[in-house]
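Remarks on the structure that follows.
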Amino acid sequence: MLIDKLVVGALGANCYIIADDKVEESPAIIVDPGGEVDRIIAKIQSHALNVKYIILTHGHGDHIGAVEQLRKMTSAEVLIHHLDEPMLYDPHLNLSDTYSGPEITFHPDKTIGDDSTLSIGNIKITIIHTPGHTKGGICLYIESEKVLITGDTLFYGSIGRTDLPGGNHKDIIQSILVKLMKLPDDVVVYPGHGSSTNIKFERNKNPFLQG
Ligand SMILES: [Zn+2]
Ligand SMILES: [Zn+2]
């Protein structure tokens, strides 16, 4: 499996490109294309990937800014959890009204429910609903590769903000403790901002998860 990270946009969101490069035409997903579509496209072309899905971990502007351009250039389907769908229609909810760039609104192609699965090539991706940063925040778990994409739910030594519309501190702690901390120690965590980490480190050292 190929996993590549691009740090995009003014707020430095991590955009992940994941592909089954052992299968013909390398089917791929793009997670959180927050901006800088030209760099994302260059990466897709350099690996000759066939993008099937654009998956949004949640509806904030720093994670969705390049979706429309990328969808046109790849014809991939845009997916988001149904509880975050309203954020895509409202620049106030997706916070793009507070950024210097254009306000963002668009429609997803499909919404996803709790704990569903998707496949690209031979790679199975489990969607884990982790409300707290937003109501419809999700993590993507690829069990066979020990990879967990966490969006703005869990960071290296930290957790996502809960003071924005739809945020709830109790919910984010519950989501992380109940749904993520049960995963194996050596699962690598790829967050929406900053460096990668792993489950064992976060379980033992993340100050928000102790006590
Ligand atoms: Zn966010
Ligand atoms: Zn973010």
Side-chain angles (χ1 to χ4, degrees), residues 3-18 29-37 39-40 53-70 78-106 108 111-112 114 127-141 147-177 179-180 188-197 202 206 208-209:
I3 179 161
D4 231 329
K5 174 175 110 173
L6 286 171
V7 182
V8 298
L11 299 182
N14 293 334
C15 168
Y16 294 103
I17 298 170
I18 296 170
I29 62 169
I30 310 288
V31 182
D32 290 356
E36 302 188 60
V37 71
R39 287 179 58 218
I40 298 170
Y53 303 111
I54 297 165
I55 305 181
L56 308 176
T57 60
H58 64 294
H60 281 153
D62 55 329
H63 298 257
I64 65 176
V67 168
E68 273 296 53
Q69 286 166 289
L70 197 60
V78 175
L79 309 182
I80 191 164
H81 190 276
H82 66 89
L83 292 177
D84 269 14
E85 182 186 9
M87 298 171 77
L88 303 183
Y89 309 134
D90 185 341
H92 179 64
L93 289 178
N94 67 42
L95 310 176
S96 61
D97 67 341
T98 65
Y99 303 157
S100 55
E103 295 193 348
I104 303 167
T105 56
F106 60 87
T111 57
I112 35 189
D114 301 358
I127 309 291
I128 306 174
H129 180 213
T130 50
H133 177 64
T134 62
K135 285 191 168 72
I138 57 168
C139 295
L140 311 181
Y141 181 42
V147 163
L148 180 70
I149 310 272
T150 57
D152 287 358
T153 296
L154 178 65
F155 301 122
Y156 171 49
S158 189
I159 62 171
R161 288 174 63 169
T162 53
D163 58 328
L164 299 165
N168 182 299
H169 183 76
K170 227 174 112 189
D171 287 353
I172 200 170
I173 297 294
Q174 273 302 100
S175 290
I176 296 171
L177 290 180
K179 296 186 174 177
L180 304 184
V188 179
V189 172
Y190 293 87
H193 300 269
S195 308
S196 298
T197 177
E202 297 309 320
N206 189 315
F208 294 92
L209 308 179

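Order of appearance sets the numbers: ligands from 1, and atoms from 1 within every ligand.
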List for me each residue that meets salt bridge (charged side-chain N to carboxylate O under 4.0 Å, His left out) alongside Glu85, sequence neighbours excluded, and say none if there are none. none

Are any non-hydrogen side-chain atoms of Leu148 and Val189 less than 4.5 angstrom apart? yes

Short question: side chain of Tyr16, backbone of Pro191 - any donor-acceptor pair under 3.5 Å? yes

Distance only, no hydrogens: is a donor on one side chain within 3.5 Å (strictly under) of an acceptor on the other, for His60 and Asp152? no

Quick one: sort the His63 and His58 rings into parallel, tilted or perpendicular, breaks at 30° and 60°. tilted

Return yes if some donor-acceptor pair links the side-chain N/O of Arg39 with the main-chain N/O of Val7 below 3.5 Å, else return no. yes

Can you count the protein N/O/S atoms lying under 2.8 Å from the Zn ion (ligand 2), leaving waters out? 4

